[in-house]
Amino acid sequence: MTAARTSPRDRYREQTRAEIKAIALRQLAEGGAGAVALTRIAREVGLSGPALYRYFANRDDLLSSLIQDAYDDAATAVGSVGGQLPPSPRTSLRLLADAYLGWAAAQPHRYLLIQGSPLPGYSAPADTTARARAVLGPFLQVFATGEPDEEVRPLVAELAAWAQEDEAAAAWLREYTGLEPEDDRAATALAGAVLAWSQLHGTVSLEVSGHYAGMGHRARTLLTCQMSTLAAAFRLPDDWPERATG
């Protein structure tokens, strides 16, 4: 099928939007979200202030686009691991965490935009939660293969209720695992993904903020230890179930 052609005007609009976002990302890297200034961007692009608003309604609109892009790129980085289906769930968990850390460490300003301190007065777009869940989706597939130890069963029980009461959570599970909320494996998958997310957020945030500097260890080593502990707590198998029974 031939791709739909875009008009020169549409191409120019997209190129200008991309240029505006590139400048905003540079400002973000230099001074955080507070440094993103539309007047400076307009001057650099060669637009008047009012003309810039034809591309982004306001600063929040520009930040929302940057946030959406960041989540999508993080999801792509993590999803590329899931698409390759590593030898075992244990290996997959480690590689997923490593991919997330690698993405964040390579562009910490984008990571801090989506996982750092909330921006005063800013309201995230409605689809932010769905985009964030896309980053964690491959973790659901991994933990769906596990059998939780007694220590994590209270969390599994609480998340079982969430999956059965929240249709968005149920749809998320179906998309990445094919499981219905009533299946015990669904709650196990949720518990593992939430625990992994919590540990990823802590370790990666400390790393990109420079808090580990001078301590003598690598964030990747720490994260590998954390994921190994999680793998043990959920008794992740050494092979994918379909392979083990095939």
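Residue numbers run from 1 in the order of the sequence given. All values below were derived from every heavy atom in this structure, side-chain atoms included, with hydrogens, water molecules and symmetry-related copies excluded.
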Exercise. So, do Tyr53 and Leu38 sit near enough that their side-chain heavy atoms are less than 4.5 Å apart?
Worked result: yes
Exercise. Would you say Asp149's side chain and Glu151's backbone share a donor-acceptor pair under 3.5 angstrom?
Worked result: no
Problem set entry | Sidechain-backbone polar pair: Arg94 side chain, Thr224 backbone, donor-acceptor under 3.5 Å | no
Exercise. Is Arg40 reaching over with its side chain to a backbone N or O of Ala24, donor-acceptor style, under 3.5 angstrom?
Worked result: no
For this session: Would you mind telling me which of Leu93, Thr145, Val152 makes a side chain to side chain contact (heavy atoms under 4.5 Å, CB included) with Phe234?
Result: Val152
Problem set entry | salt bridge (Lys or Arg N to Asp or Glu O under 4.0 Å) between Glu150 and Arg153, intermediate numbers included | CA-CA 5 Å; Glu150 288 299 322; Arg153 286 191 180 277; 3.4 Å; yes
Exercise. Tell me, which pairs form a salt bridge (Lys or Arg N to Asp or Glu O under 4.0 Å) where one or both residues lie in residues 113-132, sequence neighbours left out?
Worked result: Asp72-Arg131, Asp127-Arg131
Exercise. Hey, are the side chains of His109 and Gln107 touching, using non-hydrogen atoms and a 4.5 Å cut-off?
Worked result: yes
For this session: Report the hydrophobic cluster partners of Leu179, with the cluster defined as I, L, V, M, F, W, Y residues connected by side-chain heavy atoms closer than 4.5 angstrom, directly or transitively.
Result: none
Problem set entry | Distance-minimising heavy-atom pair for Arg59 and Val36 | NE-O, 2.9 Å
Exercise. Is atom CG of Asn58 surrounded by more than 12 heavy atoms (other residues, nucleotides or ligands) closer than 6.0 Å?
Worked result: yes
Exercise. Under 3.5 Å, side chain of Thr188 to main-chain N/O of Asp184, donor-acceptor pair present?
Worked result: yes
Exercise. Can Thr76 and Trp103 be said to form a side chain to side chain contact (heavy atoms under 4.5 Å, CB included), step by step?
Worked result: CA-CA 10 Å; Thr76 296; Trp103 177 83; over 6 Å; no
Seminar exercise, completed: Between Ser92 and Val142, the two heavy atoms sitting closest are OG-CG2, 3.5 Å
For this session: Give the minimum heavy-atom separation between Phe143 and Ala196, together with the two atoms involved.
Result: CE1-CB, 4.0 Å
Exercise. Any side-chain heavy atom of Arg185 within less than 4.5 Å of one from Thr177?
Worked result: no
Exercise. Within a radius of less than 6.0 Å around OH of Tyr12, do more than 12 heavy atoms belonging to other residues, nucleotides or ligands occur?
Worked result: no
Exercise. Linking I/L/V/M/F/W/Y whenever their side-chain heavy atoms sit closer than 4.5 Å, directly or via other members, would Trp162 and Val156 fall into one cluster?
Worked result: no
Exercise. Taking ILVMFWY side chains as joined if any heavy atoms are under 4.5 angstrom apart, and letting links pass through other members, which residues group with Leu206?
Worked result: Tyr212, Met215, Leu222
Seminar exercise, completed: Residues Pro89 and Pro237: closest non-hydrogen pair is CD-O, 3.4 Å
Seminar exercise, completed: Heavy-atom nearest pair, Val135 first then Tyr71, reads CG2-O, 3.6 Å
Exercise. Do Thr16 and Leu47 have side chains that get closer than 4.5 Å, going by heavy atoms?
Worked result: yes
Exercise. Would you call Trp197 and Tyr100 a side-chain contact if the rule is heavy atoms closer than 4.5 Å?
Worked result: no
Exercise. Between Arg174 and Glu180, is there a donor-acceptor pair closer than 3.5 Å when you use the side chain of the first and the backbone of the second?
Worked result: no
For this session: Would you confirm whether Ser209, through its side chain, and Ser205, through its main-chain N or O, come within 3.5 Å as a donor-acceptor pair?
Result: yes
For this session: State, yes or no, whether a side-chain contact exists between Arg17 and Phe56 at a heavy-atom distance under 4.5 Å.
Result: yes
For this session: List the steps, then state whether side chain to side chain donor-acceptor pair (under 3.5 Å) holds for Ser64 with Asp61.
Result: CA-CA 5 Å; Ser64 291; Asp61 186 28; 5.5 Å; no
For this session: Measure across Ala97 and Met227 and return the closest heavy-atom pair with its distance rounded to 0.1 Å.
Result: CB-CG, 3.6 Å
For this session: Give a yes or no on whether the backbone of Arg54 and the side-chain of Arg13 come within a donor-acceptor separation of less than 3.5 Å.
Result: yes
For this session: Answer yes or no: is there a side-chain heavy-atom contact under 4.5 Å between Leu62 and Ile41?
Result: yes
